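Please read all numbers here as calculations on a predicted model, not as lab measurements. Naming: A, B, ... by sequence-line order, numbering from 1 per chain.
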Number of protein chains: 2
Amino acid sequence: MTTAESPAPITAYEGSCSAVGDGRAVRDVLARVGDKWTLLVVATLRGGRLRFSELQRHIPGISQRMLTLTLRQLERDGLVSRTVHAEVPPRVEYELTDLGGTLLQLSIALGDWAIENRARIEAARAEYDAR
Amino acid sequence: MTTAESPAPITAYEGSCSAVGDGRAVRDVLARVGDKWTLLVVATLRGGRLRFSELQRHIPGISQRMLTLTLRQLERDGLVSRTVHAEVPPRVEYELTDLGGTLLQLSIALGDWAIENRARIEAARAEYDAR
DNA sequence: CAGTATCCTCATCGATACTG
DNA sequence: CAGTATCGATGAGGATACTG
């Protein structure tokens, strides 16, 4: 799920069936959404706006650096808005945009799928590994 | 339960809140599904069973190695079934399992989201970069 | 045909230190 | 408080060669 790429052609699925669109678009989305923290940040913002330190507290394990990078990407893509309040000490709040809200729906679907099928997947793994 | 009420933190998914499940499950799924090729392979199998070389042809840019690795993971997780036909030359066919089919639904939703919002995201990026 | 086996590169991420 | 700067480890993924 690397971000910086694709001189490659990748014309997968054009025409053949529109179910998933072209591979480039799907990969772009996955590159954004499939990294280690993005969906977790989006999910954490589902309750409304939070400031930087609150986000960090609610996402155990995320480093300051990765939270910053993830938020910058989300902001750049118009999925999250960033509001700086002119105060001392500084207060910066992040909030999902409307577009980010639609992504949230997907992340919930993905999360639900994860919960529902986790046991099945782990059973399959155990069986596979048993050989 | 999309709480719109409390600014109170919906702390990090410790298995309690169902909206996104716990972070670990979500990350597991993303680790599986969010890599460079998995969803593309799943999507390619939507039409039914295909053999190794057919998959490779339909997914431009994928290396033999990555196709093999991706298929092994999917097989291990019970998302794809592998059938070896006792012939010469060998013929191996891959097909989505029922579980894999449910993942396909998600990949379609993700693909649709990608198509629908790609222009918006790129516009947001352009605007962001213009500063 | 359908894979393994190696080698190698480069991006991702974590840790740490520093700053407006 | 909310970042930036820098460094180093890890590992995903590509290229290539070989095999049952």
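Checking B/Arg57 against B/Thr68, the closest nucleotide of DNA chain C that is more toward the 5' end is the one next to B/Arg57.
A sub-4.0 Å separation between OP1 or OP2 of C/dA2 and a side-chain N or O of B/Ser53 is present. Between C/dC1 and B/Arg51, no contact under 4.0 Å exists linking OP1 or OP2 to a side-chain N or O. The side chain of B/Tyr94 places no N or O atom within less than 4.0 Å of a non-bridging phosphate oxygen (OP1 or OP2) of C/dC1.
For B/Asp129, the side-chain hydrogen bond (donor to acceptor under 3.5 Å, both in side chains) criterion is met by A/Arg76, not counting sequence neighbours. Listed by chain and number, the residues in a side-chain hydrogen bond (donor to acceptor under 3.5 Å, both in side chains) with A/Thr70 amount to none (sequence neighbours excluded). Partners of B/Val88 under the side-chain contact (heavy atoms from CB on, under 4.5 Å) rule, at least two apart in sequence or in another chain, do not exist in this structure. Remark: A/Thr83 pairs with no residue by the side-chain hydrogen bond (donor to acceptor under 3.5 Å, both in side chains) rule, at least two apart or across chains. For B/Glu75, the side-chain contact (heavy atoms from CB on, under 4.5 Å) partners at least two apart in sequence or on another chain are A/Tyr128, B/Arg72, B/Arg82. With sequence neighbours left out, A/Glu122 forms a salt bridge (charged side-chain N to carboxylate O under 4.0 Å, His left out) with A/Arg118. Applying the side-chain contact (heavy atoms from CB on, under 4.5 Å) rule to B/Arg57 yields the partners B/Ser53, B/Glu54; only residues at least two apart in sequence or on another chain are considered. Under the side-chain contact (heavy atoms from CB on, under 4.5 Å) criterion, B/Arg65 pairs with B/Ser63, B/Leu69, not counting sequence neighbours.
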Look for any protein N or O under 3.5 Å of an N or O in nucleotides 16-20 of chain D and output each such pair with its distance, or none.
none

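DNA chain D is contacted by no residue of residues 73-82 of chain B, taking any non-hydrogen atom closer than 4.0 Å.
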Under the 3.5 Å Watson-Crick or G-U criterion, the dot-bracket string of DNA chain C, with | for inter-strand pairs: ||||||||||||||||||||
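When the C1' atom of C/dA11 is taken as reference, atom NZ of A/Lys36 falls 14 Å away, rounded to whole Å.
Within the structure, every pair that satisfies the salt bridge (Lys or Arg N to Asp or Glu O under 4.0 Å) test and touches residues 87-102 of chain B, not counting sequence neighbours, is listed here: B/Arg49-B/Glu93, B/Arg49-B/Glu95, B/Glu87-B/Arg91, B/Arg91-B/Glu93.
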